[in-house]
Every structure is written in structure tokens, then in C-alpha cells.
Visitor: 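Supplied in C-alpha cells, the structure appears directly below.
Numbering of residues begins at 1 and proceeds along the displayed sequence. Computed from a predicted model, the values in this text were never measured in an experiment. Whatever order the structure lists ligands and atoms in, that order sets their numbers, starting from 1.
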Amino acid sequence: MDKKVAIFLFGRPASGKGTQAKILAEKMGFYHFTTSREGKEYINSHDDEQTKRQVELYKTGKLFEAEWTTRVVLEKTREIIKTAKGIIYDGTPRTLYEAKAVFPEVVKLLGKENVYVLLIEISVDEFKRRVEKRLICNRDSRHVYIRSDVFTPGTKCPEGDGVLETRDLDQKEVLQMRTDEYAQKTVPAIKFIEGLHRVKIINGEQSIEDTHKDIIKALNL
Ligand SMILES: [Zn+2]
């Protein structure tokens, strides 16, 4: 494989999308791209008015402004792809506006045959089951674990110096907001991309390992 690739990974909250992106990135040596992390980094290194406005949005767990997000995603993509073999977009683009601005640009940059779009699907029931069992790090909400013999509330986070906790009411509200945002904003973005590109469906109700295998099969790299 000598060409650079882009993989757009979509899925509702708790679909396992983040976990799968992480595993895939480590295995293939690709760059794991999340809008929240790149946006945060961009905020720390830029101080124009448009960027400053995003700080409050970030603090309240809301989506960044679409125009600004597009600027960040495209600038970062052009920079990252100079050295990376590939980029995995973990839930990006998140809105129809971003999809229209970002997706065709990435296709232009890497070539249609090097762009993959995967959608990890789980049912609403499975979503509810998973949310009940989720433990979140009190230092970094990207550190998510499923309650088990090994992980219980109070367990030290394996990825840092935080502690795993159940979601409190505030966090449940944030999760509800993200779920609503996914349905109202991200689903139209996926529909738009479906009109331009093949979207492969991945069954997310399997084990992490089996889901990963299906992703590898779908990529056919
Ligand atoms: Zn942590």
C-alpha cells in the first residue's frame, strides 16, 4: 500500500466508533482524527476572534461553529496528510454543512478510490444497554470503559491519572444532547455522503474484535 487513504468512520454515541478508530489507527499507523481534540489544539494555538468564540461552546459540550470547524478540519487534514499514511476521521464531519465543505475536498486531495466511508450500526436498545454500563474517566471523557469485574466505579483510569465514574445527571444530559445532535445533524451529513460515495455498513453489536475484523474486511487495503 503506497497511496494515502482517508477513512470516515460514523456511528451514533456508544456505537464503539471511537474504540474502533483507535484500534485501527494503532494497527495501520494512521492518524486518529477527532474534531474535539483537533479543535481544542487549534484553540490553544490560535487567538483570532472566530477561534475565541469556540471556547465557550467547548466548555458546555456543544458543537463548534460549522464554518470554523470546516476551517480546522481542512487545515489540519492538509498538514497531517503530508506525513501520515492515512487519516481516520472519528465522527467527522458532524453536520451537513461540514460534510459539503469537507468530504469533496478530501476526495479531491486523496482520490476517490482512496476514500472509505464506514457506518457502525447499533440498535436503540443496544445503545441504552451500553449507556447504563458505561464508566467515564473524571479527567478525560474520551476514556470510556464498560463496567465489568475489572472496571467498577472508583477504578483508576488505565489511560491517565483519573478515576472511572458512572455518568452523573449533567453528563447524561450531555449524552442526550450528543444523541440528539447525531440524529438531527450528523445523519443528514451521512445521507449527503451516501449520494456521492459508497457507505459500508458495519454491525457494531458484535465484540470489539469481531467488529474490527469486519472493518478490516470492508476496507480491503
Ligand atoms: Zn482517564
Visitor: Which protein N, O or S atoms lie under 2.8 Å from the Zn ion (ligand 1)?
Guide: C137 SG, H143 ND1, C157 SG
Visitor: Search all heavy atoms of W68 against all heavy atoms of Q54 and return the closest pair with its distance.
Guide: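 Closest heavy-atom pair between W68 and Q54: CD2-CG, 3.3 Å.
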Visitor: For Y89 and T77, run side-chain hydrogen bond (donor to acceptor under 3.5 Å, both in side chains): C-alpha distance rounded to whole Å, both residues' side-chain angles, the deciding distance at 0.1 Å, then the answer.
Guide: CA-CA 10 Å; Y89 295 94; T77 293; 2.9 Å; yes
Visitor: Check the side chains of Y97 and E65 for a donor-acceptor pair under 3.5 angstrom, ignoring hydrogens and angles.
Guide: no
Visitor: Let me check something: any side-chain donor-acceptor pairs from residues 196-205 under 3.5 Å, sequence neighbours excluded? List them with distances.
Guide:
| residue | atom | partner | partner atom | Å |
| --- | --- | --- | --- | --- |
| H197 | NE2 | V115 | O | 2.7 |
| K200 | NZ | A218 | O | 2.7 |
| N203 | OD1 | E205 | N | 2.9 |
| E205 | OE2 | S123 | N | 2.7 |
| E205 | OE2 | S123 | OG | 2.9 |

Visitor: Other residues, nucleotides and ligands only: do more than 12 of their heavy atoms fall within 6.0 Å of CD on E67?
Guide: no
Visitor: Side chains of D214 and T211: is there a donor and an acceptor less than 3.5 Å apart?
Guide: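 There is no such pair (donor and acceptor under 3.5 Å, judged by atom type) between the side chains of D214 and T211.
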